[in-house]
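Data first, discussion second: the structure below is written as C-alpha cells.
Values below: every heavy atom of this structure, side chains too, minus hydrogens, waters and symmetry copies. Predicted model, so just to flag it, every value in this text is computed and none were measured. Chain letters run A, B, ... following the sequence lines, proteins first, then strands; residues in each count from 1.
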Amino acid sequence: DQQVKQNSPSLSVQEGRISILNCDYTNSMFDYFLWYKKYPAEGPTFLISISSIKDKNEDGRFTVFLNKSAKHLSLHIVPSQPGDSAVYFCAAGHNDMRFGAGTRLTVKP
Amino acid sequence: ETGVTQTPRHLVMGMTNKKSLKCEQHLGHNAMYWYKQSAKKPLELMFVYNFKEQTENNSVPSRFSPECPNSSHLFLHLHTLQPEDSALYLCASSQMPSVANYGYTFGSGTRLTVV
C-alpha cells in the first residue's frame with residue numbers, strides 16, 4: 001500500500017526557471033512532511049520540511065506548499081540551477097516516515 | 001567521523017551466503033532505521049529501533065535479521081537471500097521526537113547484489 005506517491009518519475013526544466021515537484025499522500029494521520037534530495041552513490045539528504053499546522057515553508061530558493069484538504073504537497077525551486085539536478089524524494093509521516101518513489105529533476109543550462 | 005556511516009558500500013553474495021551490513025551514527029540520535037530502495041520504487045521502511053528497542057517490523061522476511069546493540073550501531077544480518085533482494089539498503093538515524101524539524105540523516109547505503 002503506497003501511502004506516498006510521486007506520480008512524475010522525471011522532470012526537465014531550463015536553468016533559471018521554476019521547478020515544481022509534486023507529491024500526494026493518503027494517510028490523514030500524517031502530520032509532518034519532508035523533501036529529500038539524492039545524488040548518485042549518496043544517501044538522501046534532508047532539504048526542507050513542513051508540519052501540518054502550516055501551509056507554506058520557505059528556505060532560500062526552496063519552498064514547500066502543503067494542501068491538507070487535497071493531501072498534496074509540492075516543492076518549488078526558483079530559480080533552478082544545474083546543481084539542483086538530482087532525485088527528489090517526498091516523505092510523510094507521524095512517528096516514522098513513508099517515502100515516495102522519487103522524481104528525477106534535470107536542470108539544463 | 002561524523003554523520004551516518006555504512007559498510008560495506010558494495011556487497012555481492014550468493015544465495016547460500018551469510019553476511020551482515022553495518023551502520024554507525026555519530027550524531028547522538030536515539031532512533032535508527034533500515035530502508036530498502038529498489039529501482040523506481042519508494043524507499044521501503046524495514047525496521048525501526050527507538051532507544052535500542054525494535055518498534056516496527058514491516059512484514060520483512062525472516063532472512064533479514066536486524067540487531068541494535070546500542071543506540072549508535074545497527075546491523076542487518078542477511079542469510080539465504082533471493083535475487084529480488086538485490087537493492088540499495090539505507091540506514092538512517094533521527095532524534096525522536098524532533099524528527100519533524102530535521103528529518104532523518106541517511107548513510108550512503110550498501111549496494112547489495114544477490115547472485
Side-chain angles (χ1 to χ4, degrees), chain A residues 1-11 21-27 29-54 57 59 62 64 66 73 75 86-104, chain B residues 2-10 21 23-25 27 29-51 53-59 74 87-111:
Chain A
D1 178 27
Q2 199 168 326
Q3 299 186 57
V4 178
K5 294 182 182 179
Q6 293 176 257
N7 291 320
S8 298
S10 63
L11 174 68
L21 297 101
N22 293 302
C23 178
D24 297 291
Y25 63 96
T26 58
N27 192 330
M29 292 294 293
F30 290 160
D31 54 4
Y32 60 91
F33 308 88
L34 302 94
W35 285 94
Y36 284 81
K37 179 178 179 179
K38 184 179 185 301
Y39 292 116
E42 295 182 13
T45 55
F46 171 73
L47 190 58
I48 191 169
S49 67
I50 189 169
S51 71
S52 58
I53 62 173
K54 292 186 173 182
N57 189 24
D59 183 3
F62 302 90
V64 56
L66 176 63
L73 70 155
L75 174 68
V87 177
Y88 288 79
F89 289 97
C90 165
H94 178 58
N95 289 322
D96 56 58
M97 290 192 291
R98 299 291 185 262
F99 286 79
T103 296
R104 181 176 299 280
Chain B
T2 59
V4 179
T5 304
Q6 287 187 246
T7 54
R9 291 294 304 271
H10 301 273
L21 310 184
C23 177
E24 188 172 356
Q25 60 100 358
L27 300 166
H29 288 166
N30 56 19
M32 296 185 77
Y33 313 81
W34 280 115
Y35 279 87
K36 175 184 178 183
Q37 186 189 6
S38 303
K40 299 182 181 179
K41 288 186 177 180
L43 287 168
E44 300 172 47
L45 178 64
M46 299 176 72
F47 299 104
V48 180
Y49 276 85
N50 196 340
F51 297 96
E53 308 246 330
Q54 184 175 307
T55 59
E56 188 157 347
N57 171 350
N58 281 333
S59 303
L74 185 64
L88 179 68
Y89 288 84
L90 289 160
C91 173
S93 70
S94 70
Q95 184 62 29
M96 300 291 273
S98 56
V99 63
N101 293 326
Y102 305 107
Y104 295 176
T105 301
F106 282 89
S108 297
T110 295
R111 172 69 62 185

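With sequence neighbours left out, Lys37(A) forms a side chain to side chain donor-acceptor pair (under 3.5 Å) with Tyr39(A). In terms of the side chain to side chain donor-acceptor pair (under 3.5 Å) criterion, residue partners of Glu24(B) (sequence neighbours excluded) are, by chain and number, His73(B).
A donor-acceptor distance shorter than 3.5 angstrom exists from the side chain of Tyr36(A) to the backbone of Tyr104(B), with no hydrogens or angles considered. At distances below 3.5 Å, not a single donor-acceptor pair connects side-chain atoms of Tyr35(B) with backbone N or O atoms of Phe99(A).
The side-chain heavy atoms of Leu90(B) and Pro44(A), taken from C-beta on, include a pair separated by under 4.5 Å. Under the 4.5 Å side-chain criterion, counting only non-hydrogen atoms from C-beta, Leu45(B) is in contact with Arg98(A).
Top candidate by heavy-atom pairs under 4.5 Å with chain A, chosen from Arg9(B), Glu44(B), Arg111(B), is Arg9(B).
Only the side chain of Lys38(A) comes within contact range of chain B, with at least one heavy atom under 4.5 Å from a heavy atom of that chain.
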